[in-house]
Amino acid sequence: MDANNHVVRLCVRGMEAETRGEDGTALRLFLEAWEEASDDYEACVAAHYMARHQDTPEETLRWNQECLDRADRVSDERVSGFYASLYANMARAHRELGETAVAHEYFQRAAERVEDAPGGDYGMWNRLAIAEGLRGTAAGREAAGGRRAEGALLAGLLARLCEQQDLRALGMILPAYLSDLGSEQDRDRLRSVLHMVHAARWLMAEEQQTLGEAIALLGEGAGASVAGGVSSRGG
């Protein structure tokens, strides 16, 4: 974003107020940015921040929809990196309203645009949030039998590794597991990491066996989407 843009500067000041716990001041600055927006790009930026300070899920959704609509009107490189976050925000708003199926569809759209988003820590945070959203809204959408079994095995295994404080295994598995959006590349990465931990034989016998079973199920589901997420052709 253009740091010299007046609306952007107002939003930056609003974010600084947020970090100080001054939510009233932040909302005032974001509302000022919205009222002073002179085009769809500036309105998109301001609406994004307005959505963060609404009292009801319905109003949060309304502002997120406004933000997305304005981005669609801009439709150029200035907003191309926004879409993963915009779709994820729409998904979270629908999820808050109990509209799980719609939320899942928006998380899928977010996953398809994640490579367009900025990288670094923000990019990783975005990816983790989208992957969690896909898992959390996937009821009834997993591939029959194997996909559900694989997810249950890995979740149970990770819970036991946390109890055992096995930081080596957790440090290897968690980044790949938590950031898995279901693309073929993500699934290959997860299988590879699980194979490495299995080959190292760090785990106790029961966990080692569970890990082997999860690897086998992953192999059976190669190319399938995570929790109904991104298809193997990617985004």
Side-chain angles (χ1 to χ4, degrees), residues 19 84-85 88-89 91-92 95-96 98 100-101 103-104 106-108 110-112 114-115 117-232 234-235:
T19 63
S85 178
N89 289 339
R92 283 189 285 267
R95 190 179 184 182
E96 184 70 18
T100 304
H104 190 81
Y106 273 109
F107 278 125
Q108 286 180 304
E112 290 165 1
V114 75
E115 296 303 326
D121 292 339
Y122 173 79
M124 179 53 68
W125 176 87
N126 216 21
R127 173 178 279 269
L128 292 174
I130 294 167
E132 187 281 327
L134 285 170
R135 290 191 297 271
T137 58
R141 292 170 179 262
E142 300 93 335
R147 189 66 192 90
R148 288 191 292 273
E150 169 211 316
L153 279 173
L154 284 175
L157 174 62
L158 289 167
R160 294 200 297 274
L161 294 177
C162 286
E163 292 175 359
Q164 297 164 10
Q165 299 184 8
D166 191 333
L167 299 184
R168 291 183 305 175
L170 287 169
M172 288 288 291
I173 298 171
L174 277 176
Y177 174 77
L178 294 177
S179 63
D180 179 7
L181 299 177
S183 70
E184 194 166 313
Q185 182 179 8
D186 284 351
R187 306 298 285 165
D188 285 344
R189 180 186 177 212
L190 181 57
R191 282 195 299 273
S192 177
V193 166
L194 296 181
H195 274 295
M196 285 189 285
V197 174
H198 191 271
R201 299 191 178 279
W202 291 334
L203 309 184
M204 291 186 288
E206 183 179 352
E207 283 71 33
Q208 188 78 357
Q209 180 178 345
T210 300
L211 184 57
E213 292 170 0
I215 292 169
L217 287 171
L218 271 166
E220 292 173 5
S225 61
V226 59
V230 184
S231 67
S232 60

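All values below were derived from every heavy atom in this structure, side-chain atoms included, with hydrogens, water molecules and symmetry-related copies excluded.
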Value rounded to 0.5 Å, distance of CG in Leu181 from CZ in Arg135 = 9.0 Å
Kindly indicate whether the side chain of Arg191, heavy atoms from C-beta on, has any atom under 4.5 Å from the side chain of Leu194.
-> no
Check whether any side-chain heavy atom of Leu203 sits under 4.5 Å from a side-chain heavy atom of Thr210, and report yes or no.
-> no
For a quick test of your reading: what N or O donor-acceptor pairs under 3.5 Å do the side chains of residues 122-129 make, sequence neighbours left out?
| from | atom 1 | to | atom 2 | distance (Å) |
| --- | --- | --- | --- | --- |
| Arg127 | NH1 | Ser179 | O | 3.0 |
| Arg127 | NH1 | Asp186 | OD1 | 3.4 |
| Arg127 | NH1 | Asp186 | OD2 | 2.9 |
| Arg127 | NH2 | Glu115 | OE2 | 2.9 |

Output for pair (Arg201 CZ, Gln208 CD), nearest 0.5 Å, gives 5.5 Å
Results of side chain to side chain donor-acceptor pair (under 3.5 Å) for Glu132 - residues two or more places apart only = Arg95
Polar side chain donor-acceptor pair, Glu213 to Gln209, under 3.5 angstrom = yes
So do Leu161 and Leu174 actually touch side chain to side chain, heavy atoms under 4.5 Å?
-> no
Rounded distance (nearest 0.5 Å) linking atom CG of Leu134 with atom OH of Tyr106 | 15.0 Å
Using the side-chain hydrogen bond (donor to acceptor under 3.5 Å, both in side chains) rule, collect all pairs that involve residues 164-177, keeping only residues at least two apart or in two chains.
-> Gln164-Glu207
Any chance you could measure Leu167, atom CG, to Cys162, atom SG, to the nearest 0.5 Å?
-> 9.0 Å
Of all heavy-atom pairs linking Ala214 and Leu153, the shortest is N-CD1, 3.9 Å
At their closest point, which heavy atom of Ala88 faces which heavy atom of Ala110, and how far apart are they?
-> N-CB, 3.8 Å
Atom pair OG1/CZ of Thr100 and Phe107 - distance to nearest 0.5 Å | 10.0 Å
Quick one: are Arg189 and Gln185 in side-chain contact, heavy atoms under 4.5 Å?
-> no
CD1 on Ile173 to CG on Leu211, rounded to 0.5 Å = 5.5 Å
When every non-hydrogen atom of Leu178 is compared with those of Ala131, the smallest separation belongs to O-CB, 3.1 Å
